[in-house]
Amino acid sequence: MTRTPVNVTVTGAAGQIGYALLFRIASGQLLGADVPVKLRLLEIPQGLKAAEGTAMELDDCAFPLLRGIDITDDPNVGFAGANVALLVGARPRTKGMERGDLLEANGGIFKPQGKAINDHAADDIKVLVVGNPANTNALIAQAAAPDVPAERFTAMTRLDHNRALTQLAQKTGSSVADIKRLTIWGNHSATQYPDVFHAEIAGKNAAEVVNDEAWLADTFIPTVAKRGAAIIEARGASSAASAANAAIDHVHTWVNGTAEGDWASMGIPSDGSYGVPEGLISSFPVTCKDGKYEIVQGLEINDFSRARIDASVQELAEERDAVRALGLI
Ligand SMILES: NC(=O)c1ccc[n+]([C@@H]2O[C@H](COP(=O)([O-])OP(=O)(O)OC[C@H]3O[C@@H](n4cnc5c(N)ncnc54)[C@H](O)[C@@H]3O)[C@@H](O)[C@H]2O)c1
Ligand SMILES: O=C(O)C[C@H](O)C(=O)O
């Protein structure tokens, strides 16, 4: 194999998502079964030892595609030459912390990381922000990287997309593989809007197959939107393997493309499509080809959807205003 390895940087590498993610990257599931990778694990000083342990385990897997592992607590080293950056490490909300405190604490992480990406990453860098609040953290990092094209900064709503696929499949007795064109709009938060009106199940309109608007409004949407909290309640910790799986899906789709006739959901800087103010990092339906994504255009948005998209976008605008007031963007 003569291909140059792709440099993949993972922040929060010693955390629970990192542990579920790194082995899948090293085995070729992120970029492809023929793409060698070099891993950079970025942690805070307290996380370095655990990251070393994970690196030992990665070595012990003898993955043929894994061409090296570096571990660092310096973002300038961690992002040097990075082609793909998965920003997972973030400050979780702790007792007594207000939303503004959380945004400020994460600003202290994502602003310097954005600057380090700006100054040191490869020209083709692609960034996925997983750490919450993912959309606004992506906005903070992007604002700190003026030399990187804005569209390279994305936020993860693929976990929400995958959650919605399964809920819809279970309701309709179909297979997730039969469902296409589902969309998550807005923020990765409880205001997100999973939209089935353009989705198809085995070629039939999903909303018509469901034929139950009350189930959509009262069961489907809240179940998907509050699934993160339900996992925390059940597991005593936030989703990890499913989040790592969604990160793999997000980047794999971005790099290798969407299937013909289907699309995916990605949090991306808005170009003003569907009335979402330009620059907000909001989830949209996208198709991907040749390492680039495009927003699916021309979808008719009914009143049911419009109100819900607007509410989530409003929340994103408020988060943007809050980080602007804190001088983070
Ligand atoms: N977008 C999504 O769908 C989604 C889904 C699940 C979880 N999340 C979020 O992902 C984040 C990580 O979750 P987790 O369960 O792995 O958390 P975790 O606490 O297990 O791990 C986080 C790791 O990040 C590290 N870290 C903190 N600050 C860092 C920094 N400045 N640089 C590098 N590393 C740093 C910590 O040391 C820790 O090892 C959380 O914010 C969580 O809410 C997002
Ligand atoms: O909901 C959370 O706080 C965790 C994560 O974002 C999730 O969706 O599982």
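Numbers here simply count residues along the sequence, with the first being 1. Counting starts at 1 for both ligands and their atoms, following the listed order.
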Hey, could you give me each pair passing side-chain hydrogen bond (donor to acceptor under 3.5 Å, both in side chains) that has a residue in residues 203-221? Not counting sequence neighbours.
none
Min heavy-atom dist Ile231 to ligand 2 below 4.0 Å
no
Identify the heavy atoms of Leu103 and Ile140 that sit nearest to each other, and give their distance.
O-CD1, 4.4 Å
Any idea how Trp185 and Tyr274 line up, ring-wise: parallel (<30°), tilted (30 to 60°), or perpendicular (>60°)?
perpendicular
List by chain and number: which residues place a heavy atom under 4.0 Å from ligand 1?
Gly12, Ala14, Gly15, Gln16, Ile17, Leu42, Glu43, Ile44, Val88, Gly89, Ala90, Ile109, Gln113, Val130, Gly131, Asn132, Met156, Leu159, His188, Ser238, Ser239, Ala243
In a table with atom names and distances, give each donor-acceptor pair under 3.5 Å that connects a side chain of residues 277-285 to protein atoms at least two apart or in another chain.
{"residue": "Ser283", "atom": "OG", "partner": "Thr157", "partner atom": "OG1", "Å": "2.7"}
{"residue": "Ser283", "atom": "OG", "partner": "Ile184", "partner atom": "O", "Å": "2.6"}

Ligand 2-proximal atoms of Arg235, by part, heavy-atom distance under 4.0 Å
neither
Among all protein heavy atoms, pick the one closest to atom 8 (O) of ligand 2 and tell me residue, atom and distance.
Arg163 NH1, 2.9 Å
Could you pull out, from His188, Arg227, Gln192, the option with a heavy atom nearest to atom 6 (O) of ligand 2?
His188
Give a yes or no on whether Gln297 atom CD has more than 12 heavy-atom contacts from other residues, nucleotides or ligands under 6.0 Å away.
yes
Side-chain donor-acceptor contacts of residues 12-21 below 3.5 Å, not counting sequence neighbours, with atom names and distances?
{"residue": "Gln16", "atom": "OE1", "partner": "Arg235", "partner atom": "NH2", "Å": "2.5"}
{"residue": "Gln16", "atom": "NE2", "partner": "Ser238", "partner atom": "O", "Å": "2.8"}
{"residue": "Gln16", "atom": "NE2", "partner": "Ser238", "partner atom": "OG", "Å": "3.4"}
{"residue": "Tyr19", "atom": "OH", "partner": "Glu57", "partner atom": "OE1", "Å": "3.4"}
{"residue": "Tyr19", "atom": "OH", "partner": "Glu57", "partner atom": "OE2", "Å": "2.7"}

re atom 1 (O) of ligand 2, the protein heavy-atom contact at minimum distance is Gly228 CA, 3.4 Å
What residue among Leu30, Val8, Ile25 forms side chain to side chain contact (heavy atoms under 4.5 Å, CB included) with Val251?
Leu30
